[in-house]
Amino acid sequence: FVLSSTGGAAALVCLLAAVVVFATRLHTTTLDCRLALYHVLAGLVSGIACVCQLLSVLYYDEPVSATHAGCTAVAFLLHYSLWMKLCFNGWTILHLFCYAVCYRNPHKLEAVYVLTSIAIPAAISAIPVATRSYGLAGAWCWIKSGNECSLDKEIDLKWLTMQQLALWNAPAAGMVALGLISVLAVVTILVCRTYAEKIDRERAILVIKPSTINTSALNQIFPLLVNIVTWCLLVIPSMLNHVYGGHLIVSQSLVLADALCTPAWSIAAGVTMVIHVILVLNSRMAPDAEQARRYGTIAEERDFANSAVFHSTDTANWSSSFHSTVTSCQLANWNAASGHVVHS
């Protein structure tokens, strides 16, 4: 019930976020916003799959033959949504490096992003269907495990363990490591570049060179960074539950953490998308203030530059006048000493 109720809340949040994005037509602006929207849609599918896990409670006391069809469909949907999120995370990491670090806009690869994130999860999720490995695995429908809560005892435990490891746990663990390292690297590079541009701007006072590129990049990729970080942190309890529950006695704390964290990343994706839309709309509603602030900064720099030039010009004129006066006095003294009369 915890997983289904939390999944229902996640589905509602993601649906609301998708409606807000389509209503504001923000998805037509940049590829970053559409990638964040794809994460929201993956979260919507995951939330629906978590709601459908309620069927596992209805079939829990039934024979194995009665649970196979229903649990297979529910487990396939959950497995598909998790792999969809995994694929979008991989493409998002590639996009962050291309756009924010290498200054390349890979908008032509958007079709590849979408098609592979739909086809690859379907192909991987179909493998347990072909091997009849989906079923009741403890508290809900997933790849069947060999713990004491599994109703199907006539299973090859080693084969099921290999499937759980190869079809989810190992790829998810690799994506967690890659995601955290990539986010840290991207943020560090952008912050260092912004600081370097600020130093260059302060050194070259006469050249007006605003350093707003990296700040704008951070604002645009904000929902993508948050999606990756939250998923990497929230998927860890789920992996621990699958590994621990597949070999040992089921831990109720890990089951509860899995039930809460699996839909939580969907909620985080929806909330982050709504916050991003609000920030974008606020920045659009106040362009005059930002423009005035920017023009005011430029005007101050120009006034400072002009004052510096004026001061240097006055100094040069005073120095020239003083030099000419001293030269005239020296010439008069030389003429007097040599007997020449100088009339003033």
Side-chain angles (χ1 to χ4, degrees), residues 4-52 76-96 98-100 105-122 125 179 183 215-231 234-235 262-287 290:
S4 300
S5 58
T6 311
L12 291 177
V13 171
C14 291
L15 181 61
L16 175 62
V19 170
V20 169
V21 172
F22 284 115
T24 56
R25 298 184 61 84
L26 199 62
H27 63 286
T28 61
T29 56
T30 61
L31 178 58
D32 304 280
C33 185
R34 288 193 293 275
L35 277 176
L37 179 61
Y38 297 149
H39 285 274
V40 172
L41 296 178
L44 177 61
V45 177
S46 178
I48 295 174
C50 292
V51 173
C52 294
F76 175 85
L77 183 61
L78 179 61
H79 201 185
Y80 179 83
S81 64
L82 295 179
W83 263 96
M84 182 185 295
K85 174 67 175 180
L86 195 72
C87 290
F88 278 128
N89 282 343
W91 287 121
T92 300
I93 292 172
L94 176 63
H95 174 77
L96 289 176
C98 291
Y99 175 73
N105 188 7
H107 62 277
K108 296 181 179 179
L109 297 177
E110 184 177 3
V112 179
Y113 294 171
V114 177
L115 293 177
T116 54
S117 298
I118 293 176
I120 293 178
S125 302
V183 168
T215 304
S216 176
L218 281 174
N219 294 333
Q220 290 184 11
I221 66 177
F222 164 75
L224 302 180
L225 296 175
V226 174
N227 282 329
I228 293 178
V229 172
T230 53
W231 181 86
L234 294 174
V235 79
T262 298
W265 65 261
S266 302
I267 298 177
V271 172
T272 304
M273 191 75 249
V274 173
I275 294 175
H276 180 65
V277 170
I278 294 174
L279 294 178
V280 171
L281 293 180
N282 287 337
S283 63
R284 288 181 178 178
M285 291 175 62
E290 175 66 19

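As the structure is a computational prediction, the values presented were derived from the model and not from experiment. We're numbering straight along the sequence, starting at 1.
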What are the two closest non-hydrogen atoms of [X] and [Y], and how far apart are they?
| X | Y | result |
| --- | --- | --- |
| Cys33 | Thr29 | CB-OG1, 4.3 Å |
| Leu77 | Cys52 | CD2-SG, 4.4 Å |
| Gly179 | Ile93 | CA-CD1, 3.6 Å |
| Gly43 | Cys14 | C-SG, 3.7 Å |
| Leu96 | Ile228 | CD1-CD1, 4.0 Å |
| Ala17 | Met273 | CB-CB, 4.1 Å |

Self-check item: Exam field: side chain Thr92 to backbone Phe88, donor-acceptor pair closer than 3.5 Å
Solution: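 Here the side-chain-to-backbone pair exists.
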Quiz item: Between the main-chain N or O of Asn227 and the side-chain N or O of Thr230, is there a donor-acceptor pair closer than 3.5 Å?
Solution: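 A pair under 3.5 Å: yes.
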Exercise. In sequence, state the C-alpha distance, the side-chain angles, and the governing distance for Leu281 and Thr24, and then conclude on side-chain contact (heavy atoms from CB on, under 4.5 Å).
Key: CA-CA 9 Å; Leu281 293 180; Thr24 56; 4.0 Å; yes
Exercise. Check step by step if side-chain contact (heavy atoms from CB on, under 4.5 Å) holds for Val45 and Leu41.
Key: CA-CA 6 Å; Val45 177; Leu41 296 178; 5.8 Å; no
Between atom [atom1] of [X] and atom [atom2] of [Y], what is the distance when rounded to the nearest 0.5 Å?
| X | Y | atom1 | atom2 | answer |
| --- | --- | --- | --- | --- |
| Leu44 | Leu37 | CG | CG | 10.5 Å |
| Phe76 | Ser81 | CZ | OG | 10.5 Å |
| Ser266 | Leu234 | OG | CG | 9.5 Å |
| Cys87 | Leu115 | SG | CG | 12.0 Å |

Exercise. Output all residues satisfying side-chain contact (heavy atoms from CB on, under 4.5 Å) with Ile278, sequence neighbours left out; order by chain, then residue number.
Key: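 Once residues adjacent in sequence are excluded, the partners of Ile278 under the side-chain contact (heavy atoms from CB on, under 4.5 Å) criterion are Val274, Asn282.
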With a 4.5 Å cut-off on side-chain heavy atoms, are [Y] and [X] touching?
| X | Y | answer |
| --- | --- | --- |
| Leu86 | Trp231 | yes |
| Val40 | Val21 | no |
| Ser117 | Trp91 | yes |
| Val114 | Tyr38 | yes |

Exercise. Please report the C-alpha distance between Leu78 and Cys50 in whole Å, then the side-chain angles of each, then the deciding distance to 0.1 Å, and finally whether the side-chain contact (heavy atoms from CB on, under 4.5 Å) criterion is met.
Key: CA-CA 7 Å; Leu78 179 61; Cys50 292; 4.3 Å; yes
Self-check item: Aromatic plane relationship, His95 with Tyr113 - under 30° parallel, 30 to 60° tilted, over 60° perpendicular
Solution: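 Tyr113 and His95: perpendicular rings.
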Quiz item: Where do Ile118 and Tyr80 land on the side-chain contact (heavy atoms from CB on, under 4.5 Å) test, with the steps shown first?
Solution: CA-CA 9 Å; Ile118 293 176; Tyr80 179 83; 3.4 Å; yes
Practice problem: Give a yes-or-no answer on whether the side chains of His39 and Thr272 include a donor-acceptor pair shorter than 3.5 Å. | Solution: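 No, no side-chain donor-acceptor contact under 3.5 Å.
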